[in-house]
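Take a look at the structure below.
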Amino acid sequence: PARRRVSLLGATGSIGQSTLRVIAAHPDKLELVSIAAHSNWEKLAAIAAEFRVPRVAIHDATAFESARASGAFPPGTELLPGPGGLVELARSPEAGTVLVAVVGTAGLRPALAAIESGKTLALASKEILVLAGSFVMDAARRHGARLLPVDSEHNAVFQCLEGRPASDVARVILTASGGAFRDWPADALARATPADALRHPNWAMGPKITVDSATLANKGLELIEAQILFGLSPGQCRAVLHPQSIVHALVEFTDGSMLAQLCPPSMTFPIQHALLHPVRAPGPESALNLEKLLSLEFRPVDETRYPMLALARQAMRAGGTAPAIYNAANEVAVAAFLEEKLPFTAIPSVVEKTLQALPATVPQALDEVLAIDADARRVAAGALP
Ligand code: NDP
Ligand code: MG
């Protein structure tokens, strides 16, 4: 059988690196045909050489010029500049599967281009669904494109559902590790530094999502993502604390049975599931060993400790553009925290102020959502100290 040809957008990041491990483990099944990143062209050049990738897109204009002048890419590599370069890779026929792992919402246009070209979209960037979920899902339906979730919880739900309809589902329960501060006393959080927040107990991930894990905004975004991907109501999407990060999600069916998906806390498992779907094969990492001591705990999430989760739920219930506003304000607040311009405990108040300032509307067109996203970023920036 022919190898699956994969385009990897966000190749230099944490998901990108795990994806390269999966591709390297399956030289007979997977072929990397194009890669993209924001500005890290040195790493792109190394990937292009190792995986013999013919086409490379670089979002940042200065980085693109440096890359072109460097001579670091293998001879014959085609370099494409700017946002248009990513869209071109997502659309062009050499790839059948596009994996979008660009942090934030910069991957939206490429994701839509992949869908409109009828490709399989393996989606890691949850922010895209929170920003423009209804447009992405509608486009996938219209163009008959497959959308496979890479986010571990959603990939777990997808595996538990195996194509069963939403009408069989009572609720979907996503697990949360509790992030870097789960064992910190609440009154110490105001002094938490970016370095503290970036020390995640179970997962090695990019900086933005690691901070989101510490506030539980990540789980909030994921509840919204689950609602959109699986056609659920807000009340059907739940979160539970599970410190071991072994069970990634559970599906409770209407008859009271629950199915759960378990694997070690490493993204190579969901990434491989999405890239090889529906094929199963040994991957780069081995399964859990149940002969070693393994205990699994579950406990309710204390939303007073995690206001970002309560705000996400509020945005999910308000619907329309509220999730997009939540997401945009969170991105601004997290960036400010990482630059040490905002205390950790002030992240929720920036998001809350932005949600209060901008009433939720039901967008009729994608441009409207993008305008709201820009407004929310402006309002959130104005709410910074
Ligand atoms: P990283 O910060 O590690 O990597 C981000 C990647 O996106 C880099 O390749 C970066 O390129 C690229 N990028 C950033 N902006 C642009 C842009 N404008 N155009 C093109 N490329 C861009 O993030 P993660 O890998 O942790 O996360 C990626 C996405 O996956 C996020 O949406 C996250 O929520 C989601 N996700 C991540 C998980 C994880 O385990 N890490 C788990 C589940 C979901 P450069 O290096 O040049 O800056
Ligand atoms: Mg996740």
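FYI, side chains are in, hydrogens and waters are out, and symmetry mates aren't considered; it's all heavy atoms of this structure. Just so you know, ligand 1 is whichever comes first in the structure, and atom 1 is the first atom listed for that ligand.
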For atom 4 (O) of ligand 1, which protein heavy atom lies nearest, and how many Å away is it?
Gly13 CA, 3.2 Å

Nearest non-hydrogen atom to atom 20 (C) of ligand 1 belongs to which of Ala37, Ala106, Ser39?
Ala37

Going by distance alone, is a donor N or O of one side chain under 3.5 Å from an acceptor N or O of the other, for Ser245 and Asn202?
yes

Atoms in ligand 1 flagged as close to Ala124, the criterion being non-hydrogen separation under 4.0 Å:
30 (O), 35 (C), 36 (N), 44 (C)

Under 3.5 Å, is there a donor-acceptor pair between the Lys126 and Asn218 side chains?
yes

What I want to find out is whether Arg238 reaches Glu252 closely enough, with some N-O distance under 4.0 Å, to be called a salt bridge.
no

Just to be sure I read this right, does ligand 1 sit under 4.0 Å from the backbone of Ile209, its side chain, both, or neither, counting only heavy atoms?
side chain

Looking only at N, O or S atoms in Glu153, which is nearest to the Mg ion (ligand 2)?
OE1

With respect to atom 37 (C) of ligand 1, which of Leu99, Ile15, Leu9 exhibits the smallest heavy-atom separation?
Ile15

Would Trp203 count as being in polar contact with ligand 1, using the rule that some N or O on each side must be under 3.5 angstrom apart?
no

Ligand 1 versus His59: contacting region, heavy-atom distance under 4.0 Å:
side chain

Establish, from distance only, whether the side-chain atoms of Thr97 and Thr120 form a donor-acceptor pair under 3.5 Å.
no

Does the side chain of Asp196 pick up a donor-acceptor pair with the side chain of Thr193 at under 3.5 Å?
yes

Out of curiosity, is Ala36 lining ligand 1, as in a heavy atom under 4.0 Å away?
no

Parallel, tilted or perpendicular: ring planes of His273 versus Phe158, cut at 30 and 60 degrees:
perpendicular

For atom 23 (O) of ligand 1, state which one of Gly82, Gly206, Gly16 supplies the nearest heavy atom.
Gly206

With heavy atoms of Val103 as the reference, note each atom of ligand 1 found under 4.0 Å away.
5 (C), 7 (O), 14 (C), 31 (C), 32 (O)

Side chain, backbone, both or neither: Glu127 near ligand 1, heavy atoms under 4.0 Å:
side chain

Of the options Gln244, His242, His200, which is the one that meets Ser177 in a side chain to side chain donor-acceptor pair (under 3.5 Å)?
His200

Please work out, at 4.0 Å between heavy atoms, whether the side chain, the backbone, both, or neither of Asp60 comes within that distance of ligand 1.
neither

Nitrogen or oxygen atoms of Ser14 and ligand 1 under 3.5 Å apart
yes

Taking everything shown except Arg377 itself, do over 12 heavy atoms lie less than 6.0 Å from its CZ?
yes

Considering only heavy atoms from C-beta outward, does the side chain of Met258 approach that of Ile173 to under 4.5 Å?
yes

Between the side chains of Gln159 and His248, is a donor N or O closer than 3.5 angstrom to an acceptor N or O?
no

Which N, O or S atom name in Asp151 marks its closest approach to the Mg ion (ligand 2)?
OD1

Kindly identify the option in Gln17, His38, Arg109 whose heavy atom sits closest to atom 12 (C) of ligand 1.
His38

The Mg ion (ligand 2) is nearest to which N, O or S atom of Glu222?
OE2

